[in-house]
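Residue numbers begin at 1 in each chain, while the letters A, B, ... track the order of the sequences.
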Amino acid sequence: MNEKLLKPYNPKNTEERIYKLWEESGFFNPDVCIEKGITKINAEKFSIVLPPPNVTGNLHTGHALMLVIEDIMVRHARMQGKNTLWLPGTDHAAIATQSKVEKLLEKEGIRKNDLGREEFLKRVEKFAKDSHDTIVNQAKKMGASLDWSREAYTLDETRNVAVKTAFKTMYDDGLIYRGHRIVNWDPKGQTVISDDELVYEEKKGKFYTFKYGPFEIGTARPETKFGDKYVVMHPKDERYKDWKHNQKITLEWINGPIEATIIKDEMIDMEFGTGVMTITPWHSHEDFALAEKYKLDKEQIIDKYGKLLPIAGEFAGMKIADAKEKIVEKLKNKGLLISIDENYINRVATAERTNGIIEPQIMLQWFVDVNKKIASRNNKSLKELMLEPVRDKKIKILPEHFEKVYFNWIENLRDWCISRQIWYGHRIPVWYKENELYCGLEAPEGNGWIQDEDTLDTWFSSGLWTFSTLGWPNKTRDLETYHPTTVIETGHDILFFWIARMILMSQYLLGVVPFENVYLHGMVRTADGKKMSKSLGDKAIDPLHIIAKYGNDAFRMSMIVGNTPGNDLRLNENDIRGYAKFINKVWNASRFVLEQIKDLDINNLQKMDEEDGESDEELKKLLAEISKEMNEYRFSIVAEKLYHYFWHTFADIIIERSKKKILENKNIDSAKAIIFTHLTTLLKALHPFIPFVTEEIWSMLPKENNKQNKNLLMVETWPS
RNA sequence: GCGCGCUUAGCUCAGUUGGUAGAGCAACGCUUUUACACAGCGAAGGUCGGGGGUCCGAAUCCCUCAGCGCGCACCA
C-alpha cells in the first residue's frame, strides 16, 4: 500500500505539492487544454475575470470566499469540457494605495511633498509590487486555478492604453467634460472623491438658532454663514406669506449690515426648525442646486485646507474648527444668538480612505455625463445603457433582489466625478497650452503643452476590467473568444462602485454586456457577527492561518455549505474543524477501497448484483440533481448533498455492505466494482469543492488503459 | 423618509414549482466488531418572530405588526 495512506490525511504536506502539479501541467491555461486535447477547439466558453484585489496588503477572508466560489465555478466548467478561462490580476487602487504609503512614510517622518511626484511614485510602486507578490502567493496557497500566464494589472502598459482610449472616446462623444461643479473635497487627502466614496458618520453636535433680520434661522455650521445672503422659505408657508420672492431686506449679520434676498422654493421642509434657512451654495450640494435654479451668486468661504477666506473678515485664515466657537461668541455679543441645542445628531460625510471630513466645494473637475444622449448608441444615455441589460435580463443578478437596489441607485445617479488630485493612478490624457486643450493618447506635437496634473478615479480603470484584460482596444482573439464573460463574482458591497461601472463601460465602448451573470456573495464576519475589518487587528481570521491548521479543503467546505448568495457568512472555527473530519473520512474510505481493489481488473469490471445496481442508479440520480444545481450556482446544496451521500450512503451503507460480501466471499466482483466506480465518480464530483485531497487520492488510483493522457483529476470529466 | 433583506433545534445556517421540518457544531447515551476514535451507532431537541388570510394542505403565497441588519436620500 502507498505509504501516505498509512497515516491520517496531512494537508500541510500535500497541498503545496499538488498545486505545483496543477501549475506545471499548464491546464490552468485554456490554450494548453485545447492543445493537449483536453478541451475541444469549438467547446463552449466559460470565462470569468478575477475581481482584482487592491495592492494594499494581504488577502483577507473576504478574498478567500471569493477565490473559493470562483474556483468551484471554474473547476466545474473545466471538467465539463468548456473552454475555461479564469483571468487573474490586481488593482492599483489609486487613493487607497497612495494613502497607505503616505501613512507608512509618515512613520519615518517623510512627507510626500518633500519627495516630489517622481520619487514618491517610486516608493508607491515598490510597495505595490511587494503587495502584489504577497497576494499572488496567497492566491496560490488557496488553490485558485487561475491562468497566471494572462495576469493583468489595472495600471500596467496595456491597461493604460485601454484607459486612454476609453477616455478619448468618451471625450470625443461629449460624455466626458470639464466643468465647475460642486464636488466632495477631502481636505485631509487633498483630493476630490466621488459620491460613492463617502462614508457617513453620526456625530453629536450643536445646533444653533440665530436671528437673521426678521427671521430665525437654524444651522449646525455657523462657520459657513458669512456669505449667506439668500433666505429661503416655502411658498405655501402661511407664517411668511407677507414676504415676496426676490424681495430684498437689510439686516445686521456677523460682520456688519448686509442685503439679503428672499427666495421661495418648495425644497424647504416647513416642519423643520422655523421653516426658514439661509444657503451657502459653494459648500452644500443642495444649496448649490438651488443657486443654479435661480441663478444666485455663489461665494467661496472656506479654502481647500479648511481655512476661512478673507470674506470672513477678522476670522480669515483661521481653521473652521477653531473659528466656530468664536463666531458664535460674536453673534451672541451682537444679540443675534437665540438658542443652542446641544444634542443635535449630525450626519457627517467622511472620506472612505482618509477619514477626512468632506467639505463640499465648487471646483474645476472632470466628469462623466450620465444623462447625455449618445448618437452611436441609439441616442441612449449612459444611465439607460446601464439600466437596460439588467431590466431585460441580459444580465442576471444573483440574488435577484439586488436588481431593485441597482435600479434605485441608477435613478439617483449624478454625473460621475472622475478626476483625482493624487499622484498614483492613470494620468488624465489631456494637455493644455494657453487656451488650447488637447485630448489624445500621446502628448501633442509642439512645445509648451502641459499635461493635466490629475489622475483618474480608480474605478474608471476597473470599469474596463472585463475587456481591458483581454487586450482591448486591440481586436484580440481572447477578446473575441471570451467576451462577454460568463459570470462576475464579487461582494455585494461593490455593486455600485464596480459592477455598475463595468456595465457602463462595456455597454458604451463595446456595445455588449460585460458579463451574463452576476453572483454577489455576502460579507465574511467573525463568529460573533463582527465585520471582518482591519480594525479587528489580530482578532481577524487570517485565511492562511486557518489553512495551515485545518487544510484548504476543510476551509473551503466551511465557506460553501450553508452560505447562499447575498447573505453574510460567519466564520466559525468549530465548523472548519467539522469539515476537516469529513476530509479525513474521504481519505479513510479511499484507503479501504484502494486496498480492496488491488487485484481488480478495472478495464473489465463485472456486472453488479441487484442491490449494488440499485446503488449505482441512486448515484446517477444524485448526479443528475447536482448537475442541474451546479448550473444554477447552488453550491451550498451541492456540497451538502455530496457530503451526505459520501458519508451516509457510500461509506455507511455501500462500503459496509461490501465488507460483508468480501468476508463471506459472496458477489465479491460486484462489491469491488461498486466501491471502485463510486469512489472514482465521487472524487470527480467532489473535486471542485475539495480539490487537494481528491487529486491526491486520484493519483493513487489505478488508471484505465484508454486514459493515458489524463493523469490529473482536474481535467477529468465531471460526472453527470 | 424611501427601498431591500433577515427572524427555522442551545449556536451557525440550509430548505426554488405549497404536500406530514433538515445539516453542521455543541450537549447526551452506548460501542474499541480494523478504512476511519480526526470514528461508528442511537436517542434527544422546533406550535419554522406575533397575528390574520388564501388553500384539502403554508416555513414556503398574500396582508399586518414587532425586533434586527443593510442601502439610498434628507438633515437649513
Trainee: Using a heavy-atom cut-off of under 4.0 Å over every strand shown, decide if Ile583(A) touches base, sugar-phosphate, or nothing.
Mentor: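 Ile583(A): no heavy atom of the nucleic acid under 4.0 Å.
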Trainee: Does OP1 or OP2 of G40(B) have a side-chain N or O of Lys585(A) closer than 4.0 Å?
Mentor: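 For G40(B), OP1/OP2 do have a side-chain N/O of Lys585(A) under 4.0 Å.
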Trainee: Between Pro8(A) and Glu640(A), just flag the one whose closest nucleotide in RNA chain B comes earlier from the 5' side.
Mentor: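 That would be Glu640(A).
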Trainee: Does the side chain of Asn567(A) get closer than 4.0 angstrom to OP1 or OP2 of A14(B) through an N or O atom?
Mentor: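 Looking at the OP1 and OP2 atoms of A14(B), one of them is under 4.0 Å from a side-chain N or O of Asn567(A).
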Trainee: Work out how far the P atom of U60(B) is from that of U16(B), and round it to whole angstrom.
Mentor: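 Straight-line distance between the two P atoms is 11 Å.
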Trainee: Kindly write out the residues that satisfy ring pair (Phe, Tyr, Trp, His ring centres under 6.0 Å) with Trp185(A), not counting sequence neighbours, or none if the list is empty.
Mentor: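 Ring pair (Phe, Tyr, Trp, His ring centres under 6.0 Å) list for Trp185(A), sorted by chain: empty.
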Trainee: Taking the P atom in each of U33(B) and A44(B), what is the distance between them to the nearest angstrom?
Mentor: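 Going atom to atom, P in each nucleotide, I get 28 Å.
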Trainee: Checking side-chain polar atoms at under 3.5 Å, does Tyr212(A) have a donor or acceptor matched by the opposite partner on Asp228(A)?
Mentor: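 No, because no side-chain N or O of Tyr212(A) sits under 3.5 Å from a partner of the opposite role on Asp228(A).
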Trainee: NA contact type, Asn584(A), heavy-atom cut-off 4.0 Å: base, sugar-phosphate, or nothing?
Mentor: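 If one applies the 4.0 Å heavy-atom cut-off, Asn584(A) turns out to touch a base.
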Trainee: Select base, sugar-phosphate, or nothing to describe what Phe402(A) touches, counting heavy atoms under 4.0 Å on all strands.
Mentor: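 It contacts nothing in the nucleic acid.
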Trainee: Checking all strands, does Glu286(A) fall into the base, sugar-phosphate, or nothing category for heavy-atom contacts under 4.0 angstrom?
Mentor: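 Contact class for Glu286(A): sugar-phosphate only.
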Trainee: When rounded to the nearest Å, what value does the distance between P atoms of A58(B) and C48(B) take?
Mentor: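 To the nearest whole Å, 12 Å.
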Trainee: Just the dot-bracket of RNA chain B, please: which string comes out with Watson-Crick or G-U pairs under 3.5 Å, [ ] for crossing, | for another strand?
Mentor: (((((((..((((.....[..))))..((((.......))))......(((((..]....))))))))))))....
Trainee: Looking only at N and O atoms, is any donor in the side chain of Lys581(A) or the base of A39(B) less than 3.5 Å from an acceptor on the other one?
Mentor: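 Result: no qualifying N/O pair found.
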Trainee: Can we say Glu292(A) and Lys298(A) salt-bridge, meaning some charged N sits less than 4.0 Å from an Asp/Glu carboxylate O?
Mentor: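 Between Lys298(A) and Glu292(A) there is a salt bridge, with a charged N closer than 4.0 Å to a carboxylate O.
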Trainee: Would you confirm whether Thr677(A), through its side chain, and Ile674(A), through its main-chain N or O, come within 3.5 Å as a donor-acceptor pair?
Mentor: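 Flag set: sc Thr677(A) to bb Ile674(A) pair under 3.5 Å.
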Trainee: Please classify the nucleic acid contact of Tyr9(A) as base, sugar-phosphate, or nothing, using heavy-atom distances under 4.0 Å.
Mentor: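 Since no nucleic acid heavy atom lies under 4.0 Å of Tyr9(A), the category is nothing.
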Trainee: Between Lys659(A) and A35(B), is there a side-chain N or O to OP1/OP2 distance below 4.0 Å?
Mentor: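 Checking Lys659(A) against A35(B): at least one side-chain N or O falls below 4.0 Å of OP1 or OP2.
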Trainee: Looking at every strand, decide which applies to Asp652(A) at a 4.0 Å heavy-atom threshold: base, sugar-phosphate, or nothing.
Mentor: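 Contact class for Asp652(A): sugar-phosphate only.
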Trainee: Please measure how far the C1' atom in C6(B) lies from the corresponding atom in C13(B), and state the result in whole Å.
Mentor: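 Here C6(B) and C13(B) have their C1' atoms 12 Å from each other.
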Trainee: Does the base of A35(B) carry an N or O that pairs as donor and acceptor with the side chain of Glu656(A) under 3.5 Å?
Mentor: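 Counting by modelled atom types and ignoring angles, a donor-acceptor contact under 3.5 Å is found here.
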Trainee: At their closest point, which heavy atom of Leu713(A) faces which heavy atom of Lys684(A), and how far apart are they?
Mentor: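 It is CD1-CG, 3.7 Å.
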Trainee: Taking the C1' atom of each, how far is C63(B) from G45(B), in whole Å?
Mentor: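 Result for the C1' pair: 33 Å, nearest Å.
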Trainee: With a 4.0 Å cut-off on heavy atoms, is His492(A) in touch with a base, just the backbone sugar-phosphate, or nothing at all?
Mentor: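 His492(A): no heavy atom of the nucleic acid under 4.0 Å.
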Trainee: State, yes or no, whether a side-chain contact exists between Trp243(A) and Val231(A) at a heavy-atom distance under 4.5 Å.
Mentor: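 No. Closest side-chain heavy atoms not under 4.5 Å.
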Trainee: When you compare C4(B) with C61(B), how far apart are their P atoms, in angstrom units rounded to a whole number?
Mentor: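 Approximately 15 Å lies between the P atom of C4(B) and that of C61(B).
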Trainee: Could you tell me which non-hydrogen atom of Ala651(A) sits nearest to which non-hydrogen atom of Ile655(A), and how far apart they are?
Mentor: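 Closest approach of Ala651(A) to Ile655(A): O-CB, 3.5 Å.
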Trainee: Output yes when at least one side-chain N/O atom of Lys404(A) is less than 4.0 Å from OP1 or OP2 of G3(B), else no.
Mentor: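 Checking Lys404(A) against G3(B): no side-chain N or O falls below 4.0 Å of OP1 or OP2.
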Trainee: Hey, which of these two, Trp409(A) or Phe272(A), hits RNA chain B nearer its 5' end, going by closest nucleotide?
Mentor: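 Final value for this comparison: Trp409(A).
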Trainee: Does NZ or CZ of Lys659(A) fall inside the cone over Phe592(A)'s six-membered ring, less than 6.0 Å from its centre and within 45° of the axis?
Mentor: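 Lys659(A) over Phe592(A) ring: yes.
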Trainee: Can you tell me, in whole Å, how much space there is between the P of A59(B) and that of U20(B)?
Mentor: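 Rounded to whole Å, the distance is 10 Å.
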Trainee: Suppose you measure atom P in A9(B) against the same atom in G15(B); what distance do you get, rounded to whole Å?
Mentor: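 Looking at atom P only, A9(B) and G15(B) are 15 Å apart.
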Trainee: Take the protein atom CG of Asp269(A) and the nucleotide atom P of A73(B), then report the distance between them rounded to whole Å.
Mentor: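 Asp269(A) atom CG is separated from A73(B) atom P by 18 Å.
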